[in-house]
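A short write-up of the structure that comes next.
Computed from a predicted model, the values in this text were never measured in an experiment.
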Amino acid sequence: MTDIGIIFKIATVGIIVAILDKIFESMGREEQATLVTLAGLVVVLMMVIGMISNLFDSIKTMFQF
Amino acid sequence: MEIIQVVVIGLVSTIIILLLKDERPEIAIQLSIACGIIIFFIMLSKITAVIQALEQIANKVNIDTVYLNTVLKIIGIAYISSFGVEICKDAGQNSIGSKIEFAGKILIIIMAMPIIMAIIDMIIKIMP
């Protein structure tokens, strides 16, 4: 697993989503703001779910489930 | 040294989580999950070494491998359920965390049932 890389990827996605959210709110387009938030959430969720499935696979093989 | 790597990753992700906590709490929680998984993967090789040492000891004392496998499964269940419980508690969902803990305990009891039966049979045999 790329150790710190994945943490910084998730951090950048989070920061970008937070900034875009504020920009859209200041421009007055509320619905785009929530859409951007959802998009960011889905991107991060895909990454984290991939890592969780790797974790559970390695635990299964290691503890002879 | 792995411990330095683990501490550095833990501190860096804690700081980033604090940054994201008030605006995007959902991404902060996923970041803590990712950090936990990375730390587990760093320690993966060490855990497999410990398990192999346990198996060698069990073979030397010729304990039946069924018991060792059950113990390893119980450790696995305990680790996964505590992983889930702590993340739920971090997110503030204590009730969900305690439900997961409850399910984990039941599964562990079921796993340990054959060992308990074997011990009771042995005791009955020894009793006069």
For a 4.5 angstrom cut-off between non-hydrogen side-chain atoms, does A/F24 reach A/Q32?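 Yes - at least one pair of side-chain heavy atoms lies under 4.5 Å apart.
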Is any side-chain N of the basic residue among B/E55 and B/K60 closer than 4.0 Å to the acidic one's carboxylate O?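 No, B/E55 and B/K60 are not salt-bridged.
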Tell me whether B/R24 is salt-bridged to B/E26, with the criterion being a basic N under 4.0 Å from an acidic carboxylate O.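 Judged by the 4.0 Å cut-off on N to carboxylate O distance, B/R24 and B/E26 do form a salt bridge.
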Rounded to the nearest 0.5 Å, what separates atom SG in B/C35 from atom CD1 in A/I7?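 Going from the SG atom of B/C35 to the CD1 atom of A/I7 covers 4.5 Å.
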Quick check for you: to the nearest 0.5 Å, what is the distance between A/L55 atom CG and B/F83 atom CZ?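 Spacing of CG (A/L55) from CZ (B/F83) equals 5.5 Å.
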Report which part of B/I17 has an atom under 4.5 Å of a heavy atom belonging to chain A: side chain, backbone, both, or neither.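 Contact with chain A is absent: no heavy atom of B/I17 under 4.5 Å.
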Report which part of B/Q30 has an atom under 4.5 Å of a heavy atom belonging to chain A: side chain, backbone, both, or neither.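 Looking at B/Q30, backbone and side chain both touch chain A.
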Interface residue of largest heavy-atom contact number with chain A, from B/L20, B/L19, B/V12, under 4.5 Å: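 Looking at each option in turn, the highest pair count goes to B/L20.
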Relative to chain A, which of B/V71, B/I75, B/L31 shows the most heavy atom pairs under 4.5 Å?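 Ranked by heavy-atom pairs under 4.5 Å with chain A, first place is B/L31.
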What part of A/K60 gets closer than 4.5 Å to chain B, counting heavy atoms only: side chain, backbone, both or neither?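 Neither part, no heavy atoms under 4.5 Å.
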